[in-house]
Amino acid sequence: QEAAKYGKKVMVLDFVTPTPLGNSWGLGGTCVNVGCIPKKLMHQAALLGQALQDSRKFGWEFTEEVKHNWMTMTESVQNYIGSLNWGYRVALREKKVTYENAYGEFVGPHTVKATNKRGVEKLYTAERFLIATGERPRYLGIPGDKEYCISSDDLFSLPYCPGKTLVVGASYVALECAGFLAGLGLDVTVTVRSILLRGFDQDMASKIGEYMEEHGINFIREFVPIKVEQIEEGTPGRLKVTAKSTKGNQIIEGEYNTVLLAIGRDACTRNIGLDKVGVMINEKTGKIPVNDEEQTNVPYIYAVGDILQDKLELTPVAIQAGRLLVRRLYAGAAIKCDYVNVPTTVFTPLEYGACGYSEEAAVEKFGEENIEVYHSYFWPLEWTVPSRDNNKCYAKIICNIQDNERVIGFHVLGPNAGEVTQGFAAAIKCGMTKEQLSSTIGIHPVCAEV
Amino acid sequence: MGWEEKQVRGFPEFVQTAQRYHGRPIFALFCGDKDAEGRSWCPDCVTAEPVVRKELHNMPEESVFIYCLVGDRAYWKDPNNEFRKNLKLTGVPTLLKYGTPQKLVEEECFKAELVRMLFTED
């Protein structure tokens, strides 16, 4: 849309290769269809369940038992997503961007082939190309994985309640999904190969895991599934999962209605003809290395988003990078995308917001003696009356002593972590120091005043 | 031609008609009432109607096009009127594909391209 604003003739080729179970979706990419949007809505559904429980202590009286209907929630979520898909179609059309629901691949210099779902092929040429094909969930590569397991691509539109679920993986996708499924009242087990939330501050990660465990989610640590078999067909059916220890020969078995794989995502760069135009990719990871102007090794081909090597996999980052790129190309701007100090939030049952360095990364970069960590547990006022945990919410900031105690890392674990973190991210971008933070008077009574 | 038009006035008549054709693609255009000379109190509806009518032949086979007059201006301005409450309409004219989130509102209805997209999309 940005390029069209500057009068360029633009075409978008978007195509979703169906999941092994046949699932597909509309225009908008992962975030809108099978990522952030449905995830946050379902997380909210789970939070509302908790709120209903808390409400009794605040004086609300209701005699009926409170139950959750998966289909009602899923229908509402999918309806909303549908309106977003439609909204994008209208927006593109209004800005005169040509959209084709077709699979694009390079076939030669400046040329792509677009194949639609009926197999009809068309060729297009262009001056420049932007690749933003994103990623898809990785499968385990064990017997029964594609036939019987689902991934996040299937979960948000699953036409039946998943029931007793085994979540394989300890990524934020795994923990967020495990979190809201448990919050909706389902029996959830998470099997973890080694650590939780690799790449995130491990102190925070273990607190998140602890909280989830204390709130009814089972964790099986240091095991990996080696086989998934079907005991009974159905919606949901019954599956038998066999897992092996990573530390020995111990084998365990379990029965579940649904197995959700969330062990990582792979870039969609292997089958789009990059070799035909000479675009280099990291053979091992499939990611595309780009310079700081999002340009690949082929000058007229650019890339943004999750497929980039060594860059954060976040929707707003991709959007920002894309917009700035277009402004540099067609509007004479010179601003590059700032990948540093990008705030994120993990929407586990106890939400975690972060911006900047993790404690480990700060220690590695600056040395333990040069950083100072300030931290505090807090008890949200809203949790006091319903007697919820008084020692779980936590905040810490990491400061660089050598640079005026500049705040280089911000971490908060508690309700509305995303909302809290956004403001602090702006402050960190401005170079806020510990003194400035301390001298900012708090808003009372809110969690963020801590 | 492959499609048919039904003209209705008011919410109950609209619902009844939509239910009768359940199973077929249903498109609906909501406009303000017309006076004795056939002019609507809603100027945008006056602009949109011919644009929409010109694109009707793009609707899929077996479609039903419901042309629905919502009421007079006072009724429409009431924030609790049935169309706002039940169909979540926010403005007139609105052109929508019944049972889906796909719709075009107000000036969007003036654009033949968008109307055609609504009629021909999956």
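Chain identifiers are assigned alphabetically (A, B, ...) following the order of the sequence lines, protein sequences preceding nucleic acid strands; residue numbering begins at 1 within each chain.
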Q: Would A/Asp154 and A/Thr19 count as having a side-chain donor-acceptor pair, cut-off 3.5 Å?
A: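 Checked: A/Asp154/A/Thr19 side chains pair up, N/O donor to acceptor below 3.5 Å.
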Q: Using every non-hydrogen atom in the two residues, find where A/Thr269 and A/Ile272 come nearest and quote the distance to one decimal.
A: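 The answer is O-CG1, 3.8 Å.
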Q: If the test is side-chain hydrogen bond (donor to acceptor under 3.5 Å, both in side chains), which one of A/Thr17, A/Thr30, A/Asp266, A/Asp153 qualifies with A/Arg136?
A: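 That would be A/Asp153; it is the only one of A/Thr17, A/Thr30, A/Asp266, A/Asp153 passing the side-chain hydrogen bond (donor to acceptor under 3.5 Å, both in side chains) with A/Arg136.
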Q: So which of B/Gln102, B/Met59, B/Lys103 actually passes side chain to side chain contact (heavy atoms under 4.5 Å, CB included) with B/Lys97?
A: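 When side chain to side chain contact (heavy atoms under 4.5 Å, CB included) is applied between B/Lys97 and each of B/Gln102, B/Met59, B/Lys103, only B/Gln102 qualifies.
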Q: Quick check on the structure: residues of residues 77-85 of chain A within a heavy-atom distance below 4.5 Å of chain B, by number.
A: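 At a heavy-atom separation under 4.5 Å, chain B is reached by A/Asn79, A/Gly82, A/Ser83.
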Q: By the ring pair (Phe, Tyr, Trp, His ring centres under 6.0 Å) test, which pairs, at least two apart or in different chains, include something from residues 18-37 of chain B?
A: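 Counting only pairs at least two positions apart or across chains, the ring pair (Phe, Tyr, Trp, His ring centres under 6.0 Å) contacts touching residues 18-37 of chain B are B/Phe14-B/Phe30, B/Phe27-B/Phe119, B/Phe30-B/Phe83.
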Q: Quick one: closest heavy-atom pair of A/Ala114 and A/Leu13, and the distance?
A: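 Reported closest heavy-atom pair: CB-CD2, 3.8 Å.
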Q: Return each pair, listed once, that meets salt bridge (Lys or Arg N to Asp or Glu O under 4.0 Å) where at least one residue sits in residues 48-59 of chain B; pairs must be two or more places apart or across chains.
A: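 Sorted result for residues 48-59 of chain B: B/Glu5-B/Arg53, B/Lys34-B/Glu49, B/Glu49-B/Arg53, B/Glu55-B/Arg116.
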Q: Closest approach of B/Glu82 and B/Pro12, non-hydrogen atoms and distance?
A: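 Shortest heavy-atom contact: OE2-CD, 4.4 Å.
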Q: Over all heavy atoms of both residues, which pair between A/Phe15 and A/Asn116 is shortest? Give the atoms and the distance, please.
A: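 Heavy atoms only, the tightest pair is CE1-C, 4.2 Å.
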Q: Could you list which of residues 90-102 of chain A have a heavy atom closer than 4.5 Å to any heavy atom of chain B, in residue-number order?
A: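 The list, in residue order, reads A/Val90, A/Arg93, A/Glu94.
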